[in-house]
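Please read these numbers as outputs of a predicted model, since none were measured by experiment.
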Amino acid sequence: MKTIVLFLRKKRLVNALFGVYLLLVLRLTVFRQGFWPLHPFQDGMTGEPWVYYRFFIQQGRWSVLFRDFLWNYPGNIIGFLPLGGWLVWRDRLCPLWKAAAVGLALSLTIEVSQYVFGVGSTSFSDLMTNTLGAWLGGWLMKNAQLNAKRRAEWPPL
């Protein structure tokens with residue numbers, strides 16, 4: 001009985017932390033400075049980072065380019081790792097394509113919201129890196145669960 005209570009507390013804690021994570025992602029991407037829901041479609045921007053990067057390459061501003069590249073692509077992947085990991089943690093049978101699909105859906109929601117409310121730049125590369133991050137998070141969690149199962153069964157009889 002004590003084991004079940006500890007598991008439920010752990011599950012509630014992980015779910016609460018995941019809720020905080022989602023709020024943080026939405027705060028960083030949509031509900032940031034400039035968000036004003038009463039005037040939609042005012043300042044929405046679309047664009048791909050490589051056009052932006054080409055501008056900095058032409059100017060020779062490599063430090064800005066490198067810093068932004070490191071923030072944009074790995075940051076998007078790392079930012080969506082918890083989503084895929086949480087989905088697989090909640091349901092061990094969750095296929096990786098489903099974790100990627102949920103990552104794509106959340107990312108699409110964020111990108112459309114950024115465009116509608118004019119808070120950021122909507123880009124296809126964000127969709128791809130966020131989806132990759134959710135898939136990778138699910139893959140890492142599946143591997144962690146598999147390794148834990150193997151360790152629990154060791155030594156074989």
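- No side-chain donor-acceptor contact under 3.5 Å links K142 to the backbone of G85.
- Atom-to-atom distance recorded for F124:CZ and L108:CG is 10.5 Å, nearest 0.5 angstrom.
- The two atoms that bring Q114 and T29 nearest to each other are NE2-O, 2.9 Å, heavy atoms only.
- Cluster membership for Y21 and I110, using ILVMFWY side-chain heavy atoms within less than 4.5 angstrom, is shared.
- Transitive grouping of hydrophobic side chains (ILVMFWY, heavy atoms separated by less than 4.5 Å) brings F18 and F31 into a common cluster.
- Here the straight-line distance linking atom CG of D126 with atom OG1 of T131 works out to 10.0 Å at 0.5 Å rounding.
- Side chain of E111 to main chain of L127: no donor-acceptor pair is present (N/O by atom type, distance under 3.5 Å, no hydrogens or angles).
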Apply side-chain contact (heavy atoms from CB on, under 4.5 Å) to the pair M128 and N76, showing each step before the final yes or no. CA-CA 9 Å; M128 299 310 296; N76 285 344; over 6 Å; no
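- Considering every non-hydrogen atom in both A99 and A134, the closest pair reads O-CB, 3.5 Å.
- Transitive grouping of hydrophobic side chains (ILVMFWY, heavy atoms separated by less than 4.5 Å) keeps L23 and L83 in distinct clusters.
- One finds the OG atom of S123 at 14.0 Å from the OH atom of Y115 (value rounded to the nearest 0.5 Å).
- Using a 4.5 Å cut-off between side-chain heavy atoms of Ile, Leu, Val, Met, Phe, Trp and Tyr, with links allowed through other members, V102 and L24 fall into different hydrophobic clusters.
- The nearest pair of heavy atoms linking S107 to N130 is OG-ND2, 2.9 Å.
- Considering CZ of R92 and CE of M141, their distance stands at 9.5 Å, rounded to 0.5 Å.
- With rounding to the nearest 0.5 angstrom, the CG atom of L96 is 9.5 Å from the CG atom of L136.
- Pairing each heavy atom of C94 with each of L87, the nearest pair is CB-O, 4.0 Å.
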